[in-house]
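Being a predicted model, the structure only gives us computed values, none of them experimental.
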Amino acid sequence: TQMTASSSVVLRANLWTRLERLMDHIQTSHAQVILLIMVLTKRRDPLTHLTFMEQLESQQFTSPVILFWDETARILSVELRASTRASSQISQALETEYPRLLRLFKDLFSRLKQSQVSISSEYDP
């Protein structure tokens, strides 16, 4: 079926609103991972007296941040690919407004950098 011009505008507006919310959700999830790392770094196992992070590192466990970004990138890749295959309107919106998508990611990484600096200054002695 052919989309009307007004429904195309609504679809694009909804797409960008949802992508903005997704970036906010990624930022919140990243902050939770950082908080988890901070707890794992501070808390000690009562038996070994090692921090929980030291125990994970001794077992060659992949960093929670690396796991987070690997999984986030995988999900984004799968979902964007599926969405653009399912809808030519979504594909066209992402292609024609690519600078907007790029700006969303740039803003996300800028906010993550700012929050990282804030967290570091709050918790470093």
Side-chain angles (χ1 to χ4, degrees):
T1 61
Q2 190 71 2
M3 290 188 83
T4 65
S6 64
S7 64
S8 177
V9 169
V10 169
L11 181 134
R12 283 176 183 246
N14 285 337
L15 172 66
W16 293 111
T17 298
R18 289 179 180 179
L19 284 171
E20 287 168 4
R21 279 193 224 140
L22 173 63
M23 298 303 151
D24 291 341
H25 183 72
I26 290 172
Q27 181 183 7
T28 300
S29 297
H30 182 266
Q32 291 171 343
V33 170
I34 297 301
L35 182 60
L36 172 64
I37 290 170
M38 291 168 51
V39 170
L40 292 173
T41 302
K42 298 287 183 188
R43 303 291 282 195
R44 294 189 177 277
D45 182 326
L47 298 176
T48 64
H49 302 291
L50 294 173
T51 67
F52 290 111
M53 185 58 87
E54 290 169 338
Q55 288 185 334
L56 290 175
E57 290 168 352
S58 72
Q59 297 172 14
Q60 298 179 343
F61 184 78
T62 303
S63 164
V65 172
I66 292 172
L67 292 173
F68 170 78
W69 283 115
D70 282 351
E71 189 63 11
T72 299
R74 187 192 65 74
I75 291 169
L76 279 172
S77 176
V78 167
E79 294 302 323
L80 283 172
R81 192 173 295 120
S83 296
T84 55
R85 284 184 183 148
S87 169
S88 62
Q89 293 292 325
I90 291 175
S91 179
Q92 185 179 17
L94 293 174
E95 288 173 9
T96 58
E97 298 184 58
Y98 179 76
R100 188 173 181 180
L101 180 62
L102 188 60
R103 188 171 51 252
L104 283 175
F105 278 100
K106 183 180 177 286
D107 291 346
L108 169 66
F109 290 118
S110 178
R111 291 184 312 192
L112 290 175
K113 184 177 180 182
Q114 286 177 330
S115 66
Q116 192 71 17
V117 168
S118 173
I119 289 171
S120 295
S121 65
E122 286 179 28
Y123 291 96
D124 283 345

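The hydrophobic cluster containing Leu67 also contains Trp69, counting ILVMFWY residues as joined when their side-chain heavy atoms lie under 4.5 angstrom apart, directly or transitively. In this structure, Val33 is a member of the same hydrophobic cluster as Phe105, with clusters built from ILVMFWY side-chain heavy atoms closer than 4.5 Å. Criterion: ILVMFWY side-chain heavy atoms under 4.5 Å apart, direct or through other members. Under it, Leu50 and Leu40 are not part of a common hydrophobic cluster. Leu22 and Leu101 fall within the same hydrophobic cluster, defined by Ile, Leu, Val, Met, Phe, Trp and Tyr side-chain heavy atoms under 4.5 Å apart, directly or through other members. In the hydrophobic clustering of this structure, Ile75 does not group with Val65; members are Ile, Leu, Val, Met, Phe, Trp, Tyr whose side-chain heavy atoms approach within less than 4.5 Å, directly or through other members.
A side-chain donor-acceptor contact under 3.5 Å links Thr17 to the backbone of Ala13.
A heavy-atom distance below 4.5 Å is found between the side chains of Arg103 and Arg100. Here the side chains of Leu112 and Gln27 are in contact, with some heavy-atom distance below 4.5 Å.
Between the CG atom of Asp70 and the OG1 atom of Thr62 there is a distance of 8.0 Å, given to the nearest 0.5 Å. Rounding to the nearest 0.5 Å places CG of Leu19 at 7.0 Å from CG of Leu80. Going from atom CD of Glu57 over to atom OG1 of Thr51 covers 7.0 Å, rounded to the nearest 0.5 Å. Here the straight-line distance linking atom CG of Asp45 with atom NE2 of His49 works out to 8.5 Å at 0.5 Å rounding.
Environment of CZ in Arg43: sparse, with no more than 12 heavy atoms of neighbouring residues, nucleotides or ligands closer than 6.0 Å.
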